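Inspection log for the structure reproduced underneath, given as structure tokens.
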Amino acid sequence: MRTVSYIQAVTEAMTEEMERDESVFIMGEDVAWNMMGDCTGLVEKFGTERVRNTPISEAGFVGAGAGAAMVGMRPIVHMLIAPFMYVAFDQIVSIIAKSTYTYGGQARLPITLRAPMMYGVSNAAQHSDRPYATLMTIPGLKLIAPATPHDAKGMLKAAIRDDNPVITFEDRSLWGQSSEVPDGELIVPLGQAAVRREGTDVTVVTVAGAITLGLAAAEQLASEGVSAEVIDLRSIVPMDTDTILESVAKTGRLLIADPAHEMGSVASEISAVVAQHGFWSLQAPIARVTTPHTHMPFNADLEKVLLPNTDKIVAEARALME
Amino acid sequence: MRTVSYIQAVTEAMTEEMERDESVFIMGEDVAWNMMGDCTGLVEKFGTERVRNTPISEAGFVGAGAGAAMVGMRPIVHMLIAPFMYVAFDQIVSIIAKSTYTYGGQARLPITLRAPMMYGVSNAAQHSDRPYATLMTIPGLKLIAPATPHDAKGMLKAAIRDDNPVITFEDRSLWGQSSEVPDGELIVPLGQAAVRREGTDVTVVTVAGAITLGLAAAEQLASEGVSAEVIDLRSIVPMDTDTILESVAKTGRLLIADPAHEMGSVASEISAVVAQHGFWSLQAPIARVTTPHTHMPFNADLEKVLLPNTDKIVAEARALME
Amino acid sequence: MITVDDDLLREMYRRMSRIRKFEDTTKELLLAGELYGAFHTSTGQESSILKTRNALRIHDSMVGTHRSHGHPIGKGAQLDRLLAELMGKETGVNQGKGGSMHLSDFSIGSLGETSIVGSGLPVATGAALAYKMRGDDNVSLCFFGDGASNQGTFHESLNLAAIWKLPVVYVCENNGYGELTSAKDAISVEDISIRAVGYDMPGVTVDGQDVLAVFEAVSEAVDRARRGDGPSLVETKTYRFENHAVGRLPEHYRSSEEVEYWRTERDPLALFHQVLIERGFDEQQIDDLDAAVSEEIVAAIEFARQSPAPPPEAAFTHLFSPSAG
Amino acid sequence: MITVDDDLLREMYRRMSRIRKFEDTTKELLLAGELYGAFHTSTGQESSILKTRNALRIHDSMVGTHRSHGHPIGKGAQLDRLLAELMGKETGVNQGKGGSMHLSDFSIGSLGETSIVGSGLPVATGAALAYKMRGDDNVSLCFFGDGASNQGTFHESLNLAAIWKLPVVYVCENNGYGELTSAKDAISVEDISIRAVGYDMPGVTVDGQDVLAVFEAVSEAVDRARRGDGPSLVETKTYRFENHAVGRLPEHYRSSEEVEYWRTERDPLALFHQVLIERGFDEQQIDDLDAAVSEEIVAAIEFARQSPAPPPEAAFTHLFSPSAG
Ligand SMILES: Cc1ncc(C[n+]2csc(CCOP(=O)(O)OP(=O)(O)O)c2C)c(N)n1
Ligand SMILES: Cc1ncc(C[n+]2csc(CCOP(=O)(O)OP(=O)(O)O)c2C)c(N)n1
Ligand SMILES: [Mg+2]
Ligand SMILES: [Mg+2]
């Protein structure tokens, strides 16, 4: 075991997979320059053909990733910041998500899109989205949001090896966090949620960086005598509804903490699944702690007004216990 | 009162608003040729400047609509088929949805996007999406799905007069349906659901063309002694959650019929709202009758397997009554 | 000047005839209600489509458009599985999931036709990127229409291919219209090939009804790509004899004289027939080629009709590829 | 050749000085922690930005980019409300909602800067469409970078403007880099202006550090647009003195010699200073202009610092415009 930061874990995953398989390569804006600090050492090891800078042409290079994947490569496409996917949206939806189905299984799309999310850092509306819910509406994509260095490494490696398109939403509020990662090979299968803390009174499901808030809230709730079970969703599609339903069967209460906008959120989807398939376990309403349906402002204090935080989670959880 | 088809109602709305206000114009692919039959008489009345054919450049002309709106025009942009919005997705999200907020209210975006949806007609995956749920995740857009000729006219006129971006999802399964529309001015305010049939046992909320299925199901349920209240959502954003919550307070049961894919659907959002704010009224799980999380196949029978229908609604409603 | 021997001439004619007869058949079956879906035929564009074996190898790939029946045929696909696909059958090349706008055949390098206008250009560019990275000498062929040349993906793809010197040939089939809109009203230049200047790549416009002219231009571009000298843009001026979508939509956007002129004076099959005669073929030889194709078509119809429909569960398969991941 | 009288020279210098001093100040305040956000400054690009009153009227509009501090200033915006915006204050031109990447001032025709690279081109094109449809003689000015010229929106916008003959001038500020990537590695042509050929519109490349050259090229394009003769593409070769984003990111992608060269030999302010002297201004006159600008800056800092922060409820306002609809 070593202590590794999230961003290092991401670099390790890419490095190991590129070493292992020649068909893996990374492309994106300024990746060869290691602009974001997440490609350290890659260009030195693999050269600028396999660590490939692209022009600012998201539709073009995302679609080129799809084409390369269809003939046998395994591209990692670096989106720089998640909302830049909007520029390439049609390629993601109409080509990447749909080709395997439309061509009756003839096409394989082993492509990984890395979509780091920046929010809460005064980048204003155009740069601060957390668009996993937007993409959840599109069948044919696997969506993940690893929340620990361990998962950042193991899930990214699984994503790269997956023969299907995977979009990995890296919450940049986690990039700097460090924790234990085993030496040697590490693969974390996609599609499984992780129980991060066991509890009996209320289930708190967290999405992406909300894990930090969820664990802090659980700590505080514990001091008030409320036992929260904290589940890190990790994989958005496929969604591990079994783990959530089992937990709710035990606790009878559900709160979902999700940094994205409330309407159509992953929080809403989880709520709907439980309201349909876990209804008889519920002893209280299902609470969603999300960002209200408005944009991210530039002003730092205004942004804080909108985003989920520990206090909001604690308050909602308390209300469920009444 | 006259009997008018949905598509005629749409044409009337555009004609009247273009007569009323010189700043209203329509652009899109082949609109001047009346390709889809929904622009009958427009080019003869208003000429090719105001009924403007565009090249196949969705990002370009949708964004141009935004720019024209910012300096005082009121464009109606015809998307032809809803999924073509993906090609213009960044302009819709980053510019149209966000500019009013980002510029602190300086920008007005009185633009209407008409997004006809074709599904169930063997157009295969790329042409058959019903992407209102995808866009619901984006704050700053008003989304409507009128389901009667009356609303098609009155809501489209309200949309054109609205100083904000409105996307109107026209379900083409409704285009050919006719019913009564009053003579003279007709404005239907956005943001209000409509109770289409009163009932006491179960609330059936329908989205877009699902109204046809919902009403047929209610008829059948009535013959089995189950009284269904059918609510036509009409406006997706803003969503009239009050009307839904009131109905559920009365019936204690909720089923949502939505032709879109289940994950992240409008059905899921409605369910989450009720599970959070109407929980104590609920006597049964919340049922969603939607399209499973997979793409639309070309084969007509396979497509039918996936789409909601009356039988599925009746069966789910029955299960709620047990 | 590339030499075209008799064998090659014969093969070219055979492929054109296959496309023509396939399209005539599909139109008939559609109007008779046996086929369905949004249906865009290639009749009139056969020359423009054709890339016979010398220009393109089996390992080379191609990407098509919504007007796609002809493209896999041009590359050598079997007609029976294509027709079965149009009937939505399990034996269809896409197992009934794709239909008219997505005919494909990965086994012969047809990576599928995509019906979002302009969306295929990045895909073809990416296939070329793979070939270049792997160091094999495959070439990627990319079809798109005049209308598609106004999509942003055109610009981004050509720029990418140019800076990376990718082995890709962009073939713009300019049939004069995008849906109902004339290219003249939608495109800022007369010849789309001039846009190649903006990417520092060769651009050429050829008579799309003259199969030998198309063959020469494309062969040159393919050779160039295969040599590692980078991408090219080839524009073929052609015409679609049928309406945008068969059996749908108004026809008021173009004159019947114009359609008539192209059908009678500029029919690529008739023009090529003429060439064959000049090159010493006799009518009998040509009739024999046509007859063989007709037999293939009859067999294809039979195959498609006899094939089973996919079972209901098939709606759920192929969302993902089976994967260890 | 456009004549530039002394008044105009003075005004040009004043605006350049305003941009330079504003940027020097914002950089200082940022590094001192008083400002925040992703921060792209225009230092070095002042000439390229400048469109003084004769070229552009108040009713003409402009659309900028993420590197946007200079653009509204160039069009005559007040510094105090811009600086207040960078501090996130209620008095900011965007009421604290936009920040560094969205400085705007609709009151003087700055329709806002948009930070998604390339996203402003359709918007500027649409403003021009409105002007044309209304028959007024406004012109729309569109700024974008070398990097942005590879986005699909560039292609689609220029084609739209060309076929519709819209009164829009596309000004590409080619500062040699998009983030860390050299234009040489990302763009398939040496001069971006050659891409105008693909749209049948005039395209010209000028020395972006020579304000008079920029002024002349842009004035000509603006006049042409105003006359109803359609769009143009003007490329200004310029350089950003600071890193892509101030206080962030590595600087290893370009040599310090290169930066030094541009700072010392190709500083647009110093070059213009020279011109003014040649045109008969004395140092005192120039000092006076600078001093007046410095005073304006001091006042702007004071104003921004004293201004209140927006109240928490402000997070919820402006999602929609108030509307009867
Ligand atoms: C992005 C997108 N916009 C619009 C359409 C509708 N559409 C289908 S075919 C077509 C015309 C395409 O014209 P062109 O590229 O010239 O091809 P052609 O049909 O002439 O072969 C259009 C607009 C579409 N399929 N995709
Ligand atoms: C669509 C999109 N992709 C990537 C980015 C990240 N980004 C911000 S500025 C920039 C470089 C832009 O280069 P250029 O257009 O030359 O403008 P400059 O910064 O040189 O003024 C990039 C890639 C972005 N903001 N938007
Ligand atoms: Mg065409
Ligand atoms: Mg630049």
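The figures that follow rest on heavy atoms only: side chains count, while hydrogens, waters and symmetry mates do not. To find a chain, count down the sequence lines: A is the first, B the second, and so on, and within it residues start at 1. This one's a predicted model, so the numbers in the text were calculated from it and none came from an experiment.
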Step by step, work out the side-chain contact (heavy atoms from CB on, under 4.5 Å) result for C:I194 and D:V197. CA-CA 7 Å; C:I194 201 176; D:V197 170; 3.8 Å; yes
Enumerate, including both backbone and side-chain atoms, all donor-acceptor pairs under 3.5 Å from chain C to chain D.
| unit_1 | atom_1 | unit_2 | atom_2 | d |
| --- | --- | --- | --- | --- |
| C:S149 | O | D:H155 | NE2 | 2.7 |
| C:N150 | OD1 | D:N159 | ND2 | 3.0 |
| C:G152 | N | D:E156 | OE2 | 2.6 |
| C:H155 | NE2 | D:S149 | O | 2.7 |
| C:E156 | OE2 | D:G152 | N | 2.6 |
| C:N159 | OD1 | D:S188 | N | 3.0 |
| C:N159 | OD1 | D:S188 | OG | 3.0 |
| C:N159 | OD1 | D:R195 | NH2 | 2.8 |
| C:N159 | ND2 | D:N150 | OD1 | 3.0 |
| C:N159 | ND2 | D:A186 | O | 2.9 |
| C:A186 | O | D:N159 | ND2 | 2.9 |
| C:S188 | N | D:N159 | OD1 | 3.0 |
| C:S188 | OG | D:N159 | OD1 | 3.0 |
| C:S188 | OG | D:G198 | O | 3.4 |
| C:R195 | NE | D:G198 | O | 2.9 |
| C:R195 | NH2 | D:N159 | OD1 | 2.8 |
| C:G198 | O | D:S188 | OG | 3.4 |
| C:G198 | O | D:R195 | NE | 2.9 |

Go through D:A161, D:G198, D:A196 and name the one with the most non-hydrogen pairs under 4.5 angstrom from chain C. D:G198
Which one wins on heavy-atom pair count under 4.5 Å against chain C: D:G118, D:G152, D:A162? D:G152
Please flag which part of D:A186 lies under 4.5 Å from any non-hydrogen atom of chain C: side chain, backbone, both or neither. backbone
Residue list, ring pair (Phe, Tyr, Trp, His ring centres under 6.0 Å) with D:F106, at least two apart or on another chain: B:Y103
